[in-house]
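Excluded from the calculations below are hydrogen atoms, water molecules and symmetry mates; all remaining heavy atoms, backbone and side chain alike, are included.
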Amino acid sequence: MKRDGVLPSLWQYTSRTAARQPHRAANLADRAWDVLIVGGGITGLTTALRLQEAGLDCAVAEAHQIGFGTTGGTTAHINTMLDTPYHTIENDFGAANAQLVADAARAARDLIASNVSTYQIACDFEYKEGVLFAQTEKEAAELEKIYTASLRAGVEVARTENIPIPLSFRQAIKYRKQAQMHPLDYLSALADRFTQCGGMILENTRVEDVARAAGHHRIQTSAGVMRAQHLVYATHIPPGVNILHFRCAPYRSYVLAVQLTDGQYPDALAYDMQDPYHYFRTHRIDGTPYLIVGGADHKTGHGDPQGSFRELEAYVRKHVDVSSIDYRWSAQYVEPADGLPYIGRLPGGDEHTYVATGFSGNGILFGSFSGILLTDLILGKENPYEKLFSPSRVKPVAAFSNFIKESADVVYRFVADRIAVEQLGTLAELPPGTGAVVTYQNEQVALYKSRDGALSALNPVCTHAGCIVAWNDAEKSWDCPCHGGRYDVHGNVLTGPPRKDLQVIPITQDDVATKR
C-alpha cells in the first residue's frame, strides 16, 4: 500500500488486507449519486459507510489509493484525552461544551469498537490506559488543571504513581479505556464493507472542479464528470481558497518504530507534556513487538525534517535501549485556531457541501466522529454537536491570537519567500537525491537532482494560493508552507488543497553548462 511520502510506515508492509480491484465506471455522468465523498481515509470511509447503510447511494473519489494520506501514517491512538485539554475548552467554550466534547470523543471511540465487533475486523484493536505525565513543576501545575477539568467533563481519569516508560516524572494521571489498532487493516475493512453494501470507490480519481446547477453538484474528475446531491470534502482541508485555510494550520509529526534490547515494551499509551509532546505505544506484528514513538512536530514547509528525525532518535536512544530502528516516517495533521475540529457545512460553499478538518493530533477519533455528525446533517437529523463543531462558528476571543499568528505567517510567506530563496553557484552543486528552490536566469526554480544525477525543474509556486514550496529532504517532496499542499519530485499533487500539479520547466544540459 502506498502513502504520501517515500518513507514507509509500519502499517504499509504489515497490513493483512489483500489487494482490492478498484471500481471503474464507463459513463460516470449517466448516474447521479446521493453523496460523493472526496477522500479515502478514516473520515471519508466512515462517513461513506454510515450513509450507505442508511440507504443512500454513495461514491468515494480518492485521488490516489485508499489510506494514501494521513490514515496511512497515523500512530492510531484512540483517545478521550484530547490534544486540546478540557480546561482550555472550558475557558473558550464553557463547561457544558467541554462535557459535549467529551461525549463526542466517547461516541467516536465506541463507534470504532462497534465497527470492529460488528464486522469482525482483524485490526489488533485493544483497549489501553493512556498515561499523561509531568516532568517539571510548571508541567505539574498544568497537569492538575487537566486532571480536574477532565473529571468535570465526565472523562474516566485517575491519578497514578506509575508510568509505563522508563522516564523520571513528578506527577501522572491515567485515562481509562483508551484504545489502539492497526489503522490500515481497519480502514480496508470499512472499504470492503462499503462496497459490499453497494457503494463505489474510485481510486486514482482526482476531483478537479465542482459547480452546482439544477439541484446537483457537477463534479469534474480525472475519470470523468460525476453528479451528486451532496458533496463531502474528507480531505483534511477543502480545495479552493476558503476561510478555513486561515483558521487551520498544517503540521508534520515524526515517528519511529523500534525494537528494544531488553524487551521492556510499555503496555499502555503514554504522553509527556513537552511542546511538542512525545507519544508512545507498543504494537505487535506477527508476534514482533515495536515501540512506536512520535514527536518533533513543526509546521509543514517549515523546520528541518531530517533534523526532526535526528532529534527524535536522540530522544528515544537517551531513554530506552534500542536494538534496531525498523521504520521511520512522518505524517500530516491540521491544527484548528480555536482548538476544536470544524465539521459540518462548508462556509461560503455551495448548498449541500460539507467539510471535516482541524482534528489536531486526534485524527482517528475525530475522523470517525465526523462520520456520525455528517451523516445526521445529510439525513436532516438533529444532532447536539452541530453548533459546537460548525465550521462557521465564531471563534472565542482566546483563539484570536492563534488566528492572527497563522494568518500573518501565510501573508509573510507570500512575500518573503520571493526574496529569500537559496542561491546556488552552479546547478551541479546540488547533491544527488535532493532538491532546492534556486534562482536561475532571474527566475525561481524548484530543482531536483535524482540519485543518478539527472536534473528536473518545476515552477515553485504552489497551484493553490501562490506560496513558494519548500524541499522536504526526508520524504522527498515539495511542501507548501502556507496551507500544507505537497507535491512529489515530479510536481504531482500528493496532498491537497491544490488540485493542479506544479508546472514542469524544461531543462537541458545546455542550461547546466551555461550556469557552470
Side-chain angles (χ1 to χ4, degrees), residues 76-114 126-165 167-180 266-281 335-336 338-341 343 358-366 368-369 372-373 383-385 387-389 393 396-399:
H77 290 237
I78 303 168
N79 302 112
T80 57
M81 178 195 73
L82 305 177
D83 274 29
T84 302
Y86 288 105
H87 70 282
T88 301
I89 300 172
E90 278 186 354
N91 291 337
D92 290 350
F93 294 90
N97 280 327
Q99 293 175 13
L100 202 59
V101 173
D103 291 343
R106 282 190 294 269
R109 178 202 62 193
D110 294 346
L111 172 63
I112 295 169
S114 175
E126 293 182 273
Y127 286 114
K128 299 286 184 180
E129 290 185 339
V131 177
L132 178 65
F133 59 93
Q135 296 176 288
T136 67
E137 186 175 342
K138 181 179 178 181
E139 290 176 357
E142 181 73 6
L143 185 66
E144 186 64 23
K145 294 178 182 178
I146 293 172
Y147 173 67
T148 56
S150 297
L151 288 175
R152 288 194 296 271
V155 180
E156 293 183 82
V157 62
R159 300 186 190 277
T160 181
E161 299 298 324
N162 301 291
I163 66 173
I165 49 179
L167 278 75
S168 60
F169 70 101
R170 286 175 174 263
Q171 294 182 27
I173 58 177
K174 59 181 179 183
Y175 289 81
R176 298 188 176 94
K177 213 173 181 182
Q178 311 300 281
Q180 63 181 48
D267 192 31
L269 312 176
Y271 314 85
D272 68 19
M273 295 180 64
Q274 296 184 23
D275 185 18
Y277 68 88
H278 298 93
Y279 45 99
F280 311 77
R281 81 173 181 90
E335 281 286 350
D338 64 8
L340 293 185
I343 307 167
F359 299 158
S360 192
N362 303 114
I364 292 290
L365 188 85
F366 282 125
S368 300
F369 173 76
I372 298 173
L373 178 51
N383 188 294
Y385 306 104
K387 183 178 179 181
L388 177 61
F389 293 108
R393 67 181 180 261
V397 174

Open item on the list: Would you compute the distance between atom CD1 of Ile372 and atom CG of Asn383 and round it to the nearest 0.5 angstrom?
Closed with: 8.5 Å
- [ ] Side-chain contact test, heavy atoms from C-beta onward, threshold under 4.5 Å: evaluate it for Ile112 versus Ile364 and give yes or no.
- [x] yes
TODO: Can you run down the ring-ring contact (aromatic ring centres under 6.0 Å, His included) pairs that involve residues 138-159, sequence neighbours left out, and say none if there aren't any?
DONE: none
Open item on the list: Rounded at 0.5 Å granularity, tell me how far CD in Glu156 sits from NZ in Lys174.
Closed with: 11.5 Å
Task: Residue pair Asp83 / Tyr277, side-chain donor-acceptor N/O under 3.5 Å - done: yes
Task: Asp110 backbone acceptor or donor facing Ser114 side chain under 3.5 Å - done: no
- [ ] Of all the heavy-atom pairs spanning Ile89 and Thr84, show the shortest one and how long it is.
- [x] CD1-O, 3.6 Å
- [ ] Determine, for Arg152 against Glu90, whether the closest basic-nitrogen to carboxylate-oxygen distance falls under 4.0 angstrom.
- [x] yes
Task: Closest approach of His77 to Phe280 (non-hydrogen atoms, all atoms of both residues) - done: CE1-O, 3.4 Å
Task: Residue pair Asn79 / Leu365, side-chain heavy-atom distance below 4.5 Å - done: no
Task: Spacing of OG1 belonging to Thr148 relative to CG belonging to Leu143, to within rounding of 0.5 Å - done: 9.5 Å
Open item on the list: Less than 4.5 Å apart, side chain to side chain, heavy atoms only: is that true for Leu340 and Arg393?
Closed with: yes
Task: 4.5 Å side-chain heavy-atom contact, Ser360 and Pro336 - done: yes
TODO: Please report the shortest heavy-atom distance between Leu82 and Ala105, naming the atom on each side.
DONE: CD2-CB, 4.3 Å
For residues 130-137, dump all side-chain donor-acceptor pairs below 3.5 Å to protein atoms at least two apart in sequence or in another chain.
residue, atom, partner, partner atom, Å
Gln135, NE2, Ser168, O, 3.1
Thr136, OG1, Glu139, N, 3.1

Task: For His87, the option from Glu144, Lys145, Glu142 that meets side-chain hydrogen bond (donor to acceptor under 3.5 Å, both in side chains) - done: Glu142
- [ ] Please report the shortest heavy-atom distance between Ser150 and Tyr86, naming the atom on each side.
- [x] OG-CD1, 3.5 Å
- [ ] Hey, could you give me the NE2/CD1 distance between His278 and Ile165, rounded to the nearest 0.5 Å?
- [x] 10.0 Å
Task: Nearest heavy atoms of Pro164 and Pro266, plus distance in Å - done: O-CB, 3.4 Å
Open item on the list: If I take atom CG from residue Leu388 and atom CD1 from residue Ile343, how far apart are they, to the nearest 0.5 angstrom?
Closed with: 9.0 Å
Task: Expected output: side-chain Gln178 to main-chain Arg176 donor-acceptor under 3.5 Å - done: yes
Open item on the list: Please report the interatomic distance CZ(Phe389) to CZ(Phe369), rounded to the nearest 0.5 Å.
Closed with: 4.5 Å
TODO: Measure the shortest side-chain to side-chain distance between Leu373 and Phe366 over non-hydrogen atoms and say whether it is less than 4.5 angstrom.
DONE: no
TODO: Please name the pair of heavy atoms, one in Phe359 and one in Pro341, separated by the smallest distance, quoted to 0.1 Å.
DONE: CD2-CB, 3.8 Å
Task: CA sep, side-chain torsions, deciding dist, call: Met273, Ile146, side chain to side chain contact (heavy atoms under 4.5 Å, CB included) - done: CA-CA 11 Å; Met273 295 180 64; Ile146 293 172; 4.0 Å; yes
- [ ] State, yes or no, whether a side-chain contact exists between Lys177 and Thr80 at a heavy-atom distance under 4.5 Å.
- [x] no
Open item on the list: Using side-chain heavy atoms (C-beta onward) and a distance below 4.5 Å, is Tyr271 in contact with Leu269?
Closed with: yes
